[in-house]
Amino acid sequence: MESFYITTAIDYVNGSPHLGHAYEKVLTDVIARFRRQMGDKVHFLTGVDEHGQKVQASARKRGIPPQEFCDEMSQEFRGLLPKLNISNDDFIRTTEPRHKQVVQQVLQQLFDKGEIYLAEYKGFYSTRQEQFLQDKDRNPDGTWPEIFGEVTEIAESNYFFKLRQYQEWLVGFLEQNPNFIFPAYRQKQVMEFLKDPLNDLSISRPKSRLEWGIPMPFDGNYVTYVWFDALLNYYSAVADKPGTWPATWHVIGKDILVPPHAVYWPIMLHAAGLALPKGIVAHGWWMQRGAKMSKSTGNALNPLDLVTEFGPDAFRYFLIREMNVGQDSDFTREQFLVRYNSELANNLGNLVNRTLNMTTRFAGGVIPAAEAGDELDASLRSLWDKTRDEFIPLCEGFQFHTALERAMFFLTETNQYIEKRAPWKLGKSAEPKDQALLRTSLATMAEALRLAVALIQHVTPTTTEKINAVLGYQPGAVWREELNWGSRLTGAKVAEALVLFPRPQPPAAEAAPAKKKS
Ligand code: MSP
């Protein structure tokens with residue numbers, strides 16, 4: 001069994017989770033579930049990033065100690081996971097002893113090897129990004145870009161990690177591993193970034209300025225820089241689970257690829273003598289009215305509102321169907337409703353209703369065996385084989401949006417098959433030939449439905465389960481075998497009805513129109 005270790009970024013707990021956070025969990029969950037179905041031994045980690053200036057400042061604002069603040073906020077992030085049907089195996093908080101211990105061990109080891117030194121730094125510092133800045137970070141007019149927030153000039157001693165001496169090694173590594181970063185064009189951006197010389201990385205913050213961090217093991221006057229601390233979560237969470245490290249994929253947003261994940265992290269691992277992950281998946285941003293959804297811009301949508309209204313599967317389906325992994329997508333409720341109505345309610349929901357209704361009406365609720373069909377049946381079957389054979393490689397290559405499009409096309413064609421076959425007409429005929437065709441069409445639509453929902457079950461696990469239940473079907477253990485067209489449903493007793501994707505409630509204004517003035 002192949003070991004497959006996948007992680008999400010760990011979220012800052014200085015505000016509530018929003019759609020961007022939810023998307024990353026859902027995308028990673030879809031990959032994790034897909035790999036489990038493919039037979040891998042999956043370990044799926046997510047968690048929260050609790051140290052640093054931002055969290056300390058948010059706790060102060062609330063007037064409570066940072067640990068208490070983190071305990072409360074982490075609950076909110078953790079609580080989101082079951083609501084989104086996320087199948088994570090572990091959840092890490094960077095304030096846990098298991099994490100702090102590993103961070104301190106790694107720091108001590110690097111210090112002992114001479115990879116870390118103390119030096120005076122004079123220059124500019126962005127509190128928002130918790131980062132020292134260089135002149136090349138300035139706008140052409142000399143001002144600092146908006147993303148850095150308030151920039152102050154400081155002079156202080158700090159511990160530095162010898163990043164620069166590994167620059168050549170990293171370039172060589174990326175050249176030898178051209179698929180380290182997905183999508184590939186992002187790797188080119190990293191190579192561009194590495195054309196300029198790297199500075200050594202300041203990995204400490206004086207306690208006088210920031211208390212909320214992991215103490216440096218070799219100097220109690222300092223705490224660890226939040227990125228050095230946070231990146232190590234991927235390793236600390238599995239340090240006691242032999243055979244799990246290295247990670248297969250780190251799933252992150254494009255904003256934290258360069259430099260933290262694509263430069264600091266590989267160099268940290270290499271310097272510490274640890275194996276490197278297979279790669280990094282950098283997804284794009286959910287935008288609203290042209291701006292990135294985030295806590296700070298105040299346009300963050302609470303994902304739970306949509307999940308409460310439409311259920312986790314509709315939410316998961318939309319996110320995965322709409323976004324091409326790596327690119328940005330605009331979130332609008334209108335677009336959500338278009339997909340919900342046309343793809344889930346009208347296409348999938350309709351096939352479920354038809355299958356249950358007609359099996360009840362024409363076959364006493366028991367799925368008949370298929371008999372000899374004609375070219376209509378043959379062409380649906382061959383479309384199935386093609387759909388499945390394309391679907392799996394698309395998922396392996398993170399092209400989930402296209403994979404779902406193919407699955408939807410198969411459902412559309414199945415509904416078309418029913419239109420053309422018109423079982424309601426066959427049901428009126430006493431001809432044995434028509435009766436045989438009727439039985440075949442009932443078997444065909446049920447089998448097509450079973451197959452389609454087996455195919456998309458990593459995206460819509462609850463829906464697939466519900467549909468299997470109303471089809472009276474218990475799937476076997478080997479997913480790949482479930483995808484072969486056959487007669488597994490013959491003789492199954494179906495339920496009479498299932499409401500899967502109810503019509504959304506109209507907005508309050510429409511539901512209760514204002515009375516006209518007389
Ligand atoms: N704490 C760091 C990550 C440390 S990982 C060792 C951090 N946290 S965050 O809360 O700001 O972001 C967490 C993840 O959510 C990141 O991968 C980020 O890219 C993602 N998203 C935040 N807003 C987003 C959107 N609007 N759209 C999609 N994902 C975005 O960075």
Side-chain angles (χ1 to χ4, degrees), residues 6-28 45-56 58 70 73-74 76-78 80 84 86 91-95 99 102-103 106 128-131 147 149 181-182 186 212-214 224-237 247 249-266 268-269 277 280-303 318-320 322-332:
I6 190 159
T7 66
T8 67
I10 49 173
D11 302 325
Y12 287 129
V13 292
N14 58 323
S16 293
H18 58 72
L19 184 71
H21 296 130
Y23 169 70
E24 194 172 279
K25 310 295 176 295
V26 169
L27 172 63
T28 312
L45 173 74
T46 184
V48 281
D49 190 352
E50 301 190 315
H51 290 126
Q53 195 102 38
K54 291 186 212 197
V55 175
Q56 179 173 293
S58 302
C70 289
M73 294 306 293
S74 296
E76 208 181 314
F77 279 87
R78 197 197 282 258
L80 182 66
L84 297 174
I86 305 298
F91 183 89
I92 191 159
R93 298 179 53 184
T94 52
T95 51
H99 174 71
V102 169
V103 171
V106 172
R128 186 188 290 171
Q129 297 296 334
E130 305 197 22
Q131 183 186 329
I147 51 155
I181 296 162
F182 178 89
R186 293 249 172 250
W212 190 233
I214 301 178
T224 313
Y225 171 46
V226 67
W227 270 106
F228 196 94
D229 159 355
L231 286 162
L232 276 165
N233 90 88
Y234 303 134
Y235 174 67
S236 68
W249 294 106
H250 295 306
V251 179
I252 57 163
K254 62 178 186 179
D255 49 321
I256 56 170
L257 178 65
V258 189
H261 281 85
V263 179
Y264 303 163
W265 184 227
M268 282 165 66
L269 288 168
I280 300 170
V281 177
H283 61 74
W285 285 344
W286 282 95
M287 316 279 285
Q288 227 174 4
R289 283 173 241 104
K292 178 189 176 214
M293 296 175 92
S294 75
K295 298 173 276 238
S296 39
T297 50
N299 63 355
L301 188 92
N302 185 349
F318 173 75
L319 297 183
I320 298 301
E322 187 70 15
M323 197 176 236
N324 180 343
V325 177
Q327 292 174 16
D328 295 346
S329 273
D330 221 37
F331 181 88
T332 64

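Each ligand, and each atom within it, is numbered from 1 in the order the structure gives. The figures here come from the full heavy-atom set of this structure, side chains too, leaving out hydrogens, waters and symmetry mates. Computed from a predicted structure; not experimentally measured.
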### Summary
Closest non-hydrogen atoms of Ala230 and Thr94, given as atom of the first, atom of the second and distance, are CA-CG2, 4.5 Å
### Contact with ligand 1 for Gly284, non-hydrogen, under 4.0 angstrom
yes
### Message
Can a donor-acceptor pair be found, under 3.5 Å and without considering hydrogens, that links the side chain of Thr224 to the backbone of Ile214?
### Response
yes
### Task
Within a distance under 4.0 Å of any heavy atom of Trp227, pick out the atoms of ligand 1 and give their elements.
2 (C), 3 (C), 4 (C), 5 (S), 6 (C)
### Summary
Taking only non-hydrogen atoms of Ala230 and a 4.0 Å limit, the atoms of ligand 1 in range are 6 (C)
### Task
State plainly whether the residues Lys292 and Asp328 are in salt-bridge range, i.e. N to O under 4.0 Å.
no
### Ile252, any N or O under 3.5 Å of ligand 1 N or O
no
### Task
Would you mind running through ligand 1 and noting each atom that sits below 4.0 Å from a heavy atom of Tyr234?
5 (S), 6 (C)
### Query
So is Asn233 polar-close to ligand 1, meaning N/O to N/O under 3.5 Å?
no
### Task
Would you mind finding which of Ile256, Val55, Ile10 brings a heavy atom closest to atom 2 (C) of ligand 1?
Ile10
### Task
Answer with side chain, backbone, both or neither: which part of Asp49 has a heavy atom less than 4.0 angstrom from an atom of ligand 1?
side chain
### Val48, Asp255, Thr7: member with heavy atom nearest to atom 18 (C) of ligand 1
Asp255
### Query
Purely on distance, is any nitrogen or oxygen of Glu24 under 3.5 Å from one on ligand 1?
yes
#### Entry: Parallel, tilted or perpendicular, as decided by the 30° and 60° cut-offs, for the rings of Trp286 and Phe318
tilted
#### Entry: Within reach of ligand 1, part of Met287 (heavy-atom separation under 4.0 Å)
neither
### Query
Is a donor on one side and an acceptor on the other found under 3.5 Å between the side chain of Glu130 and the backbone of Trp227?
no
### Task
May I ask you to decide whether Lys25 forms a salt bridge with Asp11, counting only side-chain N to carboxylate O separations under 4.0 Å?
yes
#### Entry: Over all atoms of both residues, closest heavy-atom pair of Leu231 and Pro260
CD1-O, 3.7 Å
### Query
Counting both backbone and side chain atoms, is some N or O of Tyr12 under 3.5 Å from an N or O of ligand 1?
yes
### Task
Using distance alone, decide if ligand 1 has a nitrogen or oxygen within less than 3.5 Å of any nitrogen or oxygen in His261.
no
### Task
Applying side-chain hydrogen bond (donor to acceptor under 3.5 Å, both in side chains), name anything that partners Trp249, two or more places apart in sequence or on another chain.
none
### Task
Indicate the ring-plane relationship of His261 and Tyr234, choosing parallel, tilted or perpendicular according to the 30° and 60° boundaries.
tilted
### Task
Could you tell me whether some N/O pair between Gly253 and ligand 1 is separated by less than 3.5 angstrom?
yes
